[in-house]
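Because the structure is predicted, anything quoted here is derived from the model rather than measured. We use all heavy atoms of the structure for the numbers below, so side chains are in, but hydrogens, waters and symmetry mates are not.
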Amino acid sequence: DRKIPCIVCGSHLDSVPQGGNFDGAAGIVAGLISIARMKSEGFTPRQDIKVMAFRCEESAWFGKPYIGSSALLGELALADLESYHRSGREKLIDAMARSGADVARIQNRELLLNPDSLGAYIELHIEQGPVMVSRDLPVAIVTGIRGAIRHRKVSCLGQAGHSGTVPRWLRQDAFFATADLICTLDEHWRVLLERGLDLVVTSGIVETNSKVHGMTRIPDEISFSLEIRSQSTDALEAFYHLMQTECNNIEKSRRVKFKFDRKLYTAPARISDFWIERLKEKSKKLNFPSETIPSGAGHDAAVFANFGIPTAMIFVRNDKGSHNPEETMELDDFLTGTELLYHTLKEPI
């Protein structure tokens, strides 16, 4: 009955450099398996079921996460479209045009589909962390998705000098200043965790200028990435403000300057309570665990949830993370998650 809003499942097809095999792709394959099984059984669902495969969910390439799903729902800003690939060779808008996307409509932030036509979005995804392995859970039901504040590049600017002739009190050492900041943020993070806040902090790319750096040269410039994640918007903003305060303190004590590129914000997302309960019911009927777990990683599901579309997520256990070429997912666990997805799609209400 095409008068009834459709049910959408799916995930993303891209990964990070040196990523694993199952991040995103598992959700697309699970959706295709579920539809193929219905067809082989001669089952006609009450409403359309669609599988969507998104591109560029990862922020590794253009800084912005959820690019495909954001474009679908008119959520890409012009500044996002003007961002460059990490190689510096191409803007996002040019890459999208080259790939056949309708960039004129995307630039105008038009909806590429009618959101009223979607009854729900359900995403199966590997957990990407060690919690389910530790708790011996083959599948779990997601309760929420962390948001993030990111800077692709923060620069600390000091002054170069000879490593043997400049005493500590006269140095403007960008490297030691950066180390001060990261260590200070780590201590704040530890204290806030003890107070019960949901928070993770990462600095993943650190470099000096390879054209001028040397073992006997005080570095005058260090660049690094910075990412803060939390399920709480207040926690994100509070820690970001704390980070800025610490930067100001270190600037005064080390006589350096921190310079930030564009602040990238991704809102936390809340999973539909109705769908959480629905998945728990289905799990119990299938004699699967009905445990719930928050998602530390971001997913396209967050875009749908924050747009107001009822959203659900199924996690499948995997070992050694996902942004790791050694990740492992047992096929039995994948088939357990696919079985839960299949029965949820078959009888969504």
For residues 69-77, which side-chain donor-acceptor pairs fall under 3.5 Å, sequence neighbours excluded?
from: Ser69; atom 1: OG; to: Tyr66; atom 2: O; distance (Å): 3.4
from: Ser69; atom 1: OG; to: Asp300; atom 2: OD1; distance (Å): 2.6
from: Ser70; atom 1: OG; to: Tyr66; atom 2: O; distance (Å): 2.6

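Under 4.0 Å is where a charged nitrogen must lie from a carboxylate oxygen, and between Arg46 and Asp1 no such pair does. Using a 4.0 Å cut-off between a side-chain N of Lys or Arg and a carboxylate O of Asp or Glu, Glu227 and Arg229 qualify as a salt bridge. Ion pairing between Asp180 and Arg254 holds under the 4.0 Å rule for side-chain N and carboxylate O. The residues Lys320 and Glu327 are annotated as not salt-bridged, no charged nitrogen and carboxylate oxygen being separated by less than 4.0 angstrom. By the 4.0 Å N-to-carboxylate-O rule, Arg262 lies close enough to Asp80 to be salt-bridged with it. Using a cut-off of 4.0 Å between Lys/Arg side-chain N and Asp/Glu carboxylate O, Glu347 and Lys282 are scored as salt-bridged. Salt-bridge check for Glu277 with Lys280: passed, with a basic side-chain N closer than 4.0 Å to an acidic carboxylate O. Using a 4.0 Å cut-off between charged side-chain N and carboxylate O, Arg190 and Glu194 make a salt bridge. Salt-bridge formation is not detected for the pair Arg317/Glu127: no Lys NZ or Arg NE/NH1/NH2 atom is positioned less than 4.0 Å from an Asp or Glu carboxylate oxygen.
Both the sub-6.0 Å distance and the 45° axial angle are not jointly satisfied by Lys153 relative to the ring of Phe260.
Residues satisfying the side-chain hydrogen bond (donor to acceptor under 3.5 Å, both in side chains) criterion with Glu326, sequence neighbours excluded, are absent altogether. By the salt bridge (charged side-chain N to carboxylate O under 4.0 Å, His left out) test, Lys285 pairs with no residue at all, sequence neighbours left out.
Residue Phe307 qualifies as enclosed at atom CZ: its count of foreign heavy atoms under 6.0 Å is above 12.
Taking the six-membered ring where tryptophan is involved, the planes of Phe304 and Tyr121 are essentially parallel, since the angle between them stays under 30° and well short of 60°.
For an aromatic pair to be called close, the ring centres must be under 6.0 Å apart, and His299 with Phe54 fails this.
In the model, His213 has no side-chain atom that pairs as donor or acceptor with a side-chain atom of Glu207 under 3.5 Å.
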